[in-house]
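Taking it in order: structure first as structure tokens, then the write-up.
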Amino acid sequence: MHYRMLDTALGPMAIGWTDAGISRVLLPGDTADEMRARLEKSGGVEDVDGQPEIAARILAYAEGTNDNFADVALDLSRVPEVNRRIYEHIRELAWGETTTYGAIARWLGDVVLSRAVGAAMGANPIPLIVPCHRVLAADGRTGGFSSPGGVRAKMEMLALEKAASPTGQFSFGF
């Protein structure tokens with residue numbers, strides 16, 4: 001995997017890719033050096049000029065440009081099949097559109113699968129491009145967020161997108 005560090009308006013981010021497509025996105029919350037160390041520990045090789053189009057789109061997103069990244073090629077070869085199905089489903093969400101863990105579970109065929117949906121969101125290796133930040137609890141609460149920036153990062157991304165919760169309002173608190 002190759003990776004590139006990005007200094008965005010939201011904070012340091014990184015993208016990783018293989019010949020098949022984007023395989024990692026690291027969201028703000030860690031320092032650039034911490035991100036670099038994590039990527040190199042998993043065998044990543046830095047390429048400061050790689051993926052210029054995706055890098056530019058992520059930088060623009062962090063400035064508020066509407067982009068749902070649905071056309072970006074992904075490498076999900078190391079992701080379980082059920083997670084791939086869920087990720088492809090949520091990639092259809094538009095900028096600022098949200099859904100719930102329960103709605104995705106119903107789409108899978110059983111509302112009991114809500115926890116499995118939550119586990120898939122927590123294991124998402126490509127947040128932002130696979131927009132797990134747009135998946136909420138049924139009552140409009142954020143639910144968890146496994147990025148180093150935690151729920152704050154999720155809320156910042158939703159605020160940037162001017163997203164509406166399933167109940168019609170958020171309490172951003174920052």
Side-chain angles (χ1 to χ4, degrees), residues 1-70 72-80 83-84 86-87 90-91 93 95-96 98 101 115-137 141-161 163 170-174:
M1 174 183 74
H2 292 274
Y3 73 89
R4 178 177 179 172
M5 302 301 303
L6 303 171
D7 185 21
T8 77
L10 296 171
M13 295 177 72
I15 54 174
W17 65 92
T18 67
D19 290 340
I22 300 297
S23 59
R24 293 291 305 268
V25 170
L26 299 182
L27 297 177
D30 286 337
T31 67
D33 288 339
E34 290 168 326
M35 289 180 180
R36 189 175 281 110
R38 189 165 11 140
L39 290 163
E40 288 175 1
K41 184 177 180 180
S42 64
V45 175
E46 189 165 14
D47 178 348
V48 297
D49 297 317
Q51 295 291 330
E53 179 189 340
I54 303 302
R57 288 172 67 181
I58 290 173
L59 291 168
Y61 170 89
E63 294 283 345
T65 298
N66 180 336
D67 193 337
N68 73 347
F69 302 98
V72 174
L74 303 180
D75 180 354
L76 293 171
S77 61
R78 300 181 124 178
V79 174
N83 291 19
R84 282 197 300 266
I86 293 168
Y87 298 161
I90 67 170
R91 286 189 79 198
L93 294 171
W95 166 273
T98 60
Y101 300 101
R115 288 183 187 224
V117 172
M121 296 301 102
N124 179 6
I126 314 172
L128 178 60
I129 294 175
V130 174
C132 57
H133 64 283
R134 296 181 186 142
V135 180
L136 308 169
R141 290 180 296 145
T142 59
F145 200 55
S146 61
S147 119
V151 171
R152 181 177 178 86
K154 183 174 189 170
M155 295 301 287
E156 287 174 346
M157 293 166 72
L158 291 170
L160 181 75
E161 296 180 18
F170 281 120
S171 173
F172 287 105
F174 57 82

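Excluded from the calculations below are hydrogen atoms, water molecules and symmetry mates; all remaining heavy atoms, backbone and side chain alike, are included.
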*Are any of the side-chain heavy atoms of Ile86 and Met121 separated by less than 4.5 Å?*
yes
_Rounded at 0.5 Å granularity, tell me how far CE in Met13 sits from CG in Leu27._
4.5 Å
*asked:* Would you compute the distance between atom CD1 of Ile129 and atom CG of Leu74 and round it to the nearest 0.5 angstrom?
replied: 6.5 Å
*Atom pair CG/CE of Leu128 and Met157 - distance to nearest 0.5 Å*: 4.5 Å
*Minimum heavy-atom distance between Arg134 and Asn68, given as atom pair plus value*: NH1-CB, 4.0 Å
*Are any of the side-chain heavy atoms of Val79 and Pro125 separated by less than 4.5 Å?*
yes
*Identify the heavy atoms of Ala123 and Asn83 that sit nearest to each other, and give their distance.*
CB-ND2, 4.2 Å
*Would you say Asn124's side chain and Val130's backbone share a donor-acceptor pair under 3.5 angstrom?*
yes
*Shortest non-hydrogen contact from Val72 to Arg91?*
O-NH2, 2.8 Å
*Could you give the distance from CG (Asp7) to CG (Leu59), rounded to the nearest 0.5 Å?*
8.0 Å
*Got a sec, which pairs hit side-chain hydrogen bond (donor to acceptor under 3.5 Å, both in side chains) with one end in residues 16-28, sequence neighbours left out?*
Thr18-Asp75
*Looking at Ala20 and Ala73, what are the two nearest heavy atoms and their distance?*
O-CB, 4.1 Å
*Identify the heavy atoms of Ala62 and Thr8 that sit nearest to each other, and give their distance.*
CB-CB, 3.6 Å
_Using the rule given for side chain to side chain contact (heavy atoms under 4.5 Å, CB included), can you reason through His133 versus Thr98, listing the C-alpha separation, both sets of side-chain angles and the distance that settles it, and then say yes or no?_
CA-CA 8 Å; His133 64 283; Thr98 60; over 6 Å; no
*asked:* To the closest 0.5 Å, what do you measure between OH (Tyr3) and CE (Met35)?
replied: 11.5 Å
*Assess whether side chain to side chain contact (heavy atoms under 4.5 Å, CB included) is satisfied between Ile54 and Arg4, documenting all intermediate values.*
CA-CA 10 Å; Ile54 303 302; Arg4 178 177 179 172; over 6 Å; no
*CD on Glu40 to CE on Met1, rounded to 0.5 Å*: 9.5 Å
_Listed partners of Thr31 passing side chain to side chain donor-acceptor pair (under 3.5 Å), at least two apart_ = Glu34
*Relative to each other, are the rings of Tyr61 and Phe69 parallel, tilted or perpendicular (30° and 60° limits)?*
tilted
*Do Arg152 side-chain atoms and Gly29 backbone N/O form a donor-acceptor pair below 3.5 Å?*
no
*For residues Ser77 and Arg84, report the shortest heavy-atom separation together with the two atoms involved.*
O-NH1, 4.2 Å
_Test item: Tyr87 side-chain N/O and Ala120 main-chain N/O as donor-acceptor pair under 3.5 Å_ = yes
*Begin from the C-alpha positions of Thr65 and Arg57 and carry the test side chain to side chain contact (heavy atoms under 4.5 Å, CB included) through to its verdict.*
CA-CA 8 Å; Thr65 298; Arg57 288 172 67 181; over 6 Å; no
Side-chain donor-acceptor pairs under 3.5 Å in residues 41-50, sequence neighbours left out?
residue, atom, partner, partner atom, Å
Ser42, OG, Leu39, O, 3.0
Glu46, OE1, Arg36, NE, 3.0
Glu46, OE2, Arg36, NH2, 3.4
Asp47, OD1, Asp49, N, 3.2
Asp47, OD1, Gly50, N, 3.0

